[in-house]
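Here's the structure, in structure tokens; my notes come after.
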Amino acid sequence: MSGGGDWWYDEAAGPLVRPYAMVRGRTRPVTAELHLVTQVRAMPSASDPESLSVEHMEIMELCRRPLSVAEVAAYLDVPLVVVKVLLSDLIQRGDVVIRDPARIAEVPDRNLLQAVLDGVRGI
């Protein structure tokens, strides 16, 4: 084959670095609060950018604006557990902050819920 026919090789072979190598064999994130919808945002100044891996730097770049954990995994095209481990590293360093929208939601007022229920029953 000529040099022009080798364009498919890397894409067909898959990622050059396997996911378990990206996280040095770790399979569980230290931070357990990472859910699919947890919002992640990079801090303006990373503690020591030179000590970060390429994958960590990609996450920092992506998370300049808030993204969910699922979005980060999709953009990086790596398994969710790998992203959770990488994010856990960044959280421990203080380079990213997280916010879980499910935990922040306020519980509706009981009187308001009762008024809605009464209104539905009146229909």
Side-chain angles (χ1 to χ4, degrees):
M1 280 191 157
S2 66
D6 293 335
W7 60 270
W8 57 270
Y9 183 75
D10 287 340
E11 187 175 324
L16 298 177
V17 177
R18 297 290 179 214
Y20 63 84
M22 290 180 200
V23 291
R24 296 183 302 273
R26 296 174 293 157
T27 59
R28 298 199 190 277
V30 176
T31 307
E33 301 90 34
L34 293 172
H35 305 285
L36 289 175
V37 296
T38 301
Q39 297 290 302
V40 181
R41 183 154 191 246
M43 297 302 291
S45 59
S47 55
D48 181 19
E50 287 81 34
S51 66
L52 294 174
S53 70
V54 173
E55 293 80 16
H56 288 115
M57 292 300 291
E58 288 178 359
I59 291 173
M60 294 291 292
E61 183 68 28
L62 281 172
C63 294
R64 286 186 178 179
R65 62 182 174 85
L67 290 176
S68 69
V69 173
E71 289 173 309
V72 174
Y75 283 127
L76 292 179
D77 195 27
V78 296
L80 187 60
V81 69
V82 171
V83 169
K84 286 183 175 184
V85 171
L86 292 170
L87 283 171
S88 180
D89 295 343
L90 292 171
I91 291 166
Q92 282 188 313
R93 290 173 41 104
D95 293 335
V96 299
V97 292
I98 60 170
R99 190 177 106 200
D100 193 352
R103 292 187 182 176
I104 295 174
E106 294 181 19
V107 178
D109 180 35
R110 183 176 174 88
N111 294 330
L112 174 64
L113 291 175
Q114 187 62 49
V116 170
L117 182 61
D118 293 342
V120 170
R121 287 183 181 158
I123 296 178

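Note that the structure is predicted; figures quoted are calculated from it, not measured.
Put simply, the side chain of Ser68 reaches to within 4.5 Å of the side chain of Gln39, judged on heavy atoms. Looking only at side-chain heavy atoms (C-beta outward), Leu76 and Glu55 stay at 4.5 Å or farther from each other. Taking 4.5 Å as the limit, some side-chain heavy atom of Gln114 sits within range of a side-chain heavy atom of Leu117. The shortest distance between side-chain heavy atoms of Met43 and Val97 falls below 4.5 Å. Using a 4.5 Å heavy-atom threshold, the side chains of Asp89 and Leu52 count as separate. Considering only heavy atoms from C-beta on, Ile98 comes within 4.5 Å of Val40 through its side chain.
In the hydrophobic clustering of ILVMFWY residues, with side-chain heavy atoms under 4.5 Å counting as a link, Leu36 and Val69 come out together.
Shown here is Asp118, whose CG atom has more than 12 heavy atoms of other residues, nucleotides or ligands within 6.0 Å.
The residue from Leu80, Val83, Val96 that alone fulfils the side-chain contact (heavy atoms from CB on, under 4.5 Å) condition with Val72 is Val83. Residue Leu87 forms a side-chain contact (heavy atoms from CB on, under 4.5 Å) with just one option from Ile59, Asp95, Thr38, and that option is Ile59.
In terms of heavy-atom proximity, Pro66 sits nearest to Arg41 at CG-CD, 3.7 Å.
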